[in-house]
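Each chain gets a letter, A, B and so on, in the order its sequence line appears, and its residues count up from 1.
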Amino acid sequence: MHAYRTHTCGELRAGDVGMPARLSGWVHRKRDHGNLLFVDLRDNYGLTQCVIAAGSAHFKTVESLRLETVVTVSGQVVARAPSAINPKLATGEIEIAVDEITVLSTAEPPPLQVNSEADFPEETRLRYRFLDLRREPLHQHILLRSRVIASIRRRMIAAGFTEFQTPILTSSSPEGARDYLVPSRLHPGKFYALPQAPQQFKQLLMVAGFDRYFQIAPCFRDEDGRADRSPGEFYQLDLEMSFVTQEDVFAALEPIMHGVFAEFRPEAAVTPAPFPRIPYDEALAKYGTDKPDLRNPLVIDDATEIFRGAGFAVFAAAIEQGALVRALRAPGAAAQPRSFFDKLNQWARDEGAPGLGYVTLAEGGARGPIAKFLDAPRLARLRQATGATDGDAVFFVADKRAAADKLAGKARVKLGEELGRVETNAFRFCWITDFPMYERDEETGKIDFSHNPFSMPQGGLEALETRDPLTIKAYQYDIVCNGVELSSGAIRNHRPDIMYKAFGIAGYSREHVEAHFGGMLNAFKYGAPPHGGSAPGIDRIVMLIAGVSNIREVIAFPMNQQAQDLMMGAPAPVPPERLRELHIRVVLPEGDRMVDSKTGNDRR
RNA sequence: GGGCUCGUGGUGCAGCCUGGUUAGCACACUGGACUGUCAAUCCAGAGGUCGCGGGUUCAAGUCCCGUCGAGCCCGCCA
């Protein structure tokens, strides 16, 4: 018999009754009846009830076992009496009659209870991550993550992609985030950067003629965390293809995304390919965001002209100042009580807006505080513009374009939820296309890239030479699911001449481009295929599939929001000799001090 | 860097608004009882710098100020 186990804790069934068996695992729970003792033994695969009676030589041992002790039990598989069958357990028809028990590893009382569904503080969960990972929800999420990645990998290979590895120690890349830096021992004063994404390497692999690249790629960005953004590192399904148009990239990725979501959430509705394509400008106008949640059926319409010259002084004045009026049809909301509208108005004020105008439609007319400013022709145009009919309400936001879009977008989300119109158990994908190539920095007034500077401008060199840069679109696209930005991607600029020009418009000299992106630029001078790709975030995909709202629920060993690993104690100081070796001298900020994070006491 | 919320035995919460006996409940822990439970049950016990510092007060877990920590958000993240 094997030293540790003949079966796993999730394996034995009624058909195994009468067999000898040996199981190893953790003591999940005990039920002590004095002369009869039940132990639920747990491993990765499940739970098996083990039973021992007072006559046994091992009874005292088992009775004294603490929860989470690791043991090996041997005995006979026995059938449970019909009344004692536990239908909640896969192994519920049997139990192990324990003859022998060996303690493999004792356990102190754990700081978080593995067998409990109780909430524990995030700090404790992170510090004792190995215990939290034993618990059912997190354990299952991590297994799900593995299966999702395996499925993605299988689908990518089946679609003709080749998997690569690219360097972790590299130089700074063109993404806009802060780099993690690694000092060089051999080159004093110089630093490696951890890749924010393998962007340049995958493009170089295209130049090298590999045609279709993918990687489950670690990406490192030194930016602050959010519930859906792990500080430090995250994973992307990074892919790149040669000799492709934007539509080719979409056609490659759509079946993979659809397939993975449909595979792991078979009960949910998943957008079939082709996913809707929504130009960036249209997304802002209709949804007030570049990452619309299409489970919400509400759309924003423009009502600027309807209010221009109307008697409502607040809007009319704003329109004269260049503001837009956005209208949001709320189907069936006319029946809502006054408090509903007051509550939304208060919500808008909390969002920093003056308020939220509205009318309700009934019997061919309109009611509400500003209804009197809309005469019959204007009302008819409003009904036409929004599709609103009797029984509906229409909400209004008036502000400069960006602010109006933003508030209308938030109101769309809020109203969709309040009215219960948001689809559940569905994954609604779309592509957001035609992102602007450039934008004007609000503070400096300077023109800069609005996204990846390596994207191909639509219209190519001619557009760069002849058009107002702010009107030029890029072959740049995002994939969005349920309001979550899963990835961005682009058809790349593979032409050095267009690249120099594109960077020139953003104020970067030829020398700057060569100094920073010389490796890739040089490669493009030796025959580069047109290419493009995308990089959906793995962690967010798993989050969506698992139905959780915090990214740490799908990462085995995440850092906290302050980018600390509480279990491993990272980041940590290093001995002076290590710093000397790296030619580093630490200059702490003024007034910095050591504080004991547990007690809050200064330790100066 | 900023905003909001939170911080009470190992853990989850109550107590705070309205200051006043030994800070209460549940889970875990320790001991005892119990031969069919499966969140076993019952009895008993131990366990608390109320994050930290200062202030107001006869009296502070409770009120005030500061500070530290955590989460969420803004900034940031193409």
Side-chain angles (χ1 to χ4, degrees), chain A residues 28-40 47-56 59 63-64 66-68 78 80-89 91-92 95 108-128 131 173-179 196-197 199 219-232 234 290 350-352 435-439 443 448-455 474 476-478 485 487-490 506 535 537 549-550 552 560-562 564 566 589 593-603:
Chain A
H28 185 68
R29 192 171 271 129
K30 286 194 311 183
R31 290 173 296 281
D32 187 347
H33 289 250
N35 288 311
L36 185 72
L37 179 56
F38 298 100
V39 173
D40 289 338
L47 285 177
T48 298
Q49 175 167 286
C50 304
V51 63
I52 187 163
S56 166
F59 189 83
E63 198 170 32
S64 67
R66 275 221 197 85
L67 299 185
E68 298 307 307
V78 299
R80 298 202 202 179
S83 63
I85 286 172
N86 185 350
K88 287 186 278 185
L89 231 49
T91 59
E95 62 196 1
E108 293 176 19
L112 61 83
Q113 286 167 246
V114 175
N115 65 18
S116 161
E117 287 165 24
D119 278 336
F120 287 85
E122 183 102 48
E123 196 172 340
T124 306
R125 294 181 56 198
L126 291 172
R127 195 178 295 278
Y128 298 94
L131 292 179
S173 48
E175 282 78 12
R178 232 173 269 117
D179 286 316
Q196 296 184 28
Q199 184 66 32
C219 303
F220 305 90
R221 297 180 191 174
D222 186 2
E223 297 295 342
D224 292 344
R226 285 288 183 279
D228 65 349
R229 201 169 79 205
S230 186
F234 60 97
D290 61 1
D350 293 343
E351 291 289 325
F435 277 81
M437 184 80 187
Y438 298 101
E439 64 190 11
E443 283 171 23
D448 205 351
F449 293 107
S450 65
H451 287 81
N452 186 332
F454 291 166
S455 299
Q476 168 89 39
Y477 39 82
D478 280 1
E485 180 192 320
S487 77
S488 45
S549 55
N550 192 304
R552 291 185 290 274
N560 67 4
Q561 199 174 39
Q562 279 64 244
Q564 298 165 302
L566 298 176
R593 55 191 182 177
M594 302 285 283
V595 171
D596 189 311
S597 67
K598 193 68 187 172
T599 62
N601 291 329
D602 283 3
R603 294 192 306 211

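- In this structure, the nucleotide among B:rC38, B:rA28, B:rG71 sitting nearest to the side chain of A:D40 is B:rC38.
- Place A:N115 and A:I85 on RNA chain B by their nearest nucleotides, and A:N115 ends up nearer the 5' end.
- Comparing A:D224 and A:G489 by the nucleotide of RNA chain B whose heavy atom lies nearest to each, the residue mapping closer to the 5' end is A:D224.
- Note on A:R66: only backbone sugar-phosphate atoms sit closer than 4.0 angstrom, heavy atoms only; bases stay farther off.
- The phosphate of B:rA39 has OP1 or OP2 within less than 4.0 Å of a side-chain N or O from A:K88.
- A:S450 comes within contact range of the sugar-phosphate backbone alone, with a heavy-atom separation under 4.0 Å but no base atom that close.
- Taking only side-chain nitrogens and oxygens, A:Q113 never comes nearer than 4.0 Å to OP1 or OP2 of B:rA39.
- When the C1' atom is used for both B:rG48 and B:rU5, the distance is 25 Å, rounded to whole Å.
- Across A:K30, A:E95, A:R29, a single residue satisfies side-chain contact (heavy atoms from CB on, under 4.5 Å) together with A:D40, and that is A:R29.
- With B:rC77, B:rG12, B:rC38 as the choices, the nucleotide that has an atom nearest any side-chain atom of A:P121 turns out to be B:rG12.
- Side-chain proximity of A:R552 to B:rG10, B:rG71, B:rG36: nearest is B:rG71.
- Counting non-hydrogen atoms under 4.0 angstrom, A:A84 reaches a base of the nucleic acid.
- Ion pair A:E122/A:R552 flagged as a salt bridge, since at least one NZ, NE, NH1 or NH2 atom sits closer than 4.0 Å to an Asp/Glu carboxylate oxygen.
- The A:F38 side chain lies nearest to B:rG36 when the options are B:rG36, B:rG71, B:rC76.
- Nucleotide B:rG53 forms a pair with B:rC65, judged by Watson-Crick or G-U wobble geometry with both contacts under 3.5 Å.
- Atom name P, nucleotides B:rC65 and B:rC6: the rounded distance is 15 Å, in whole Å.
- Taking every side-chain heavy atom of A:F120 into account, B:rU11 is the closest of B:rG36, B:rU11, B:rG71.
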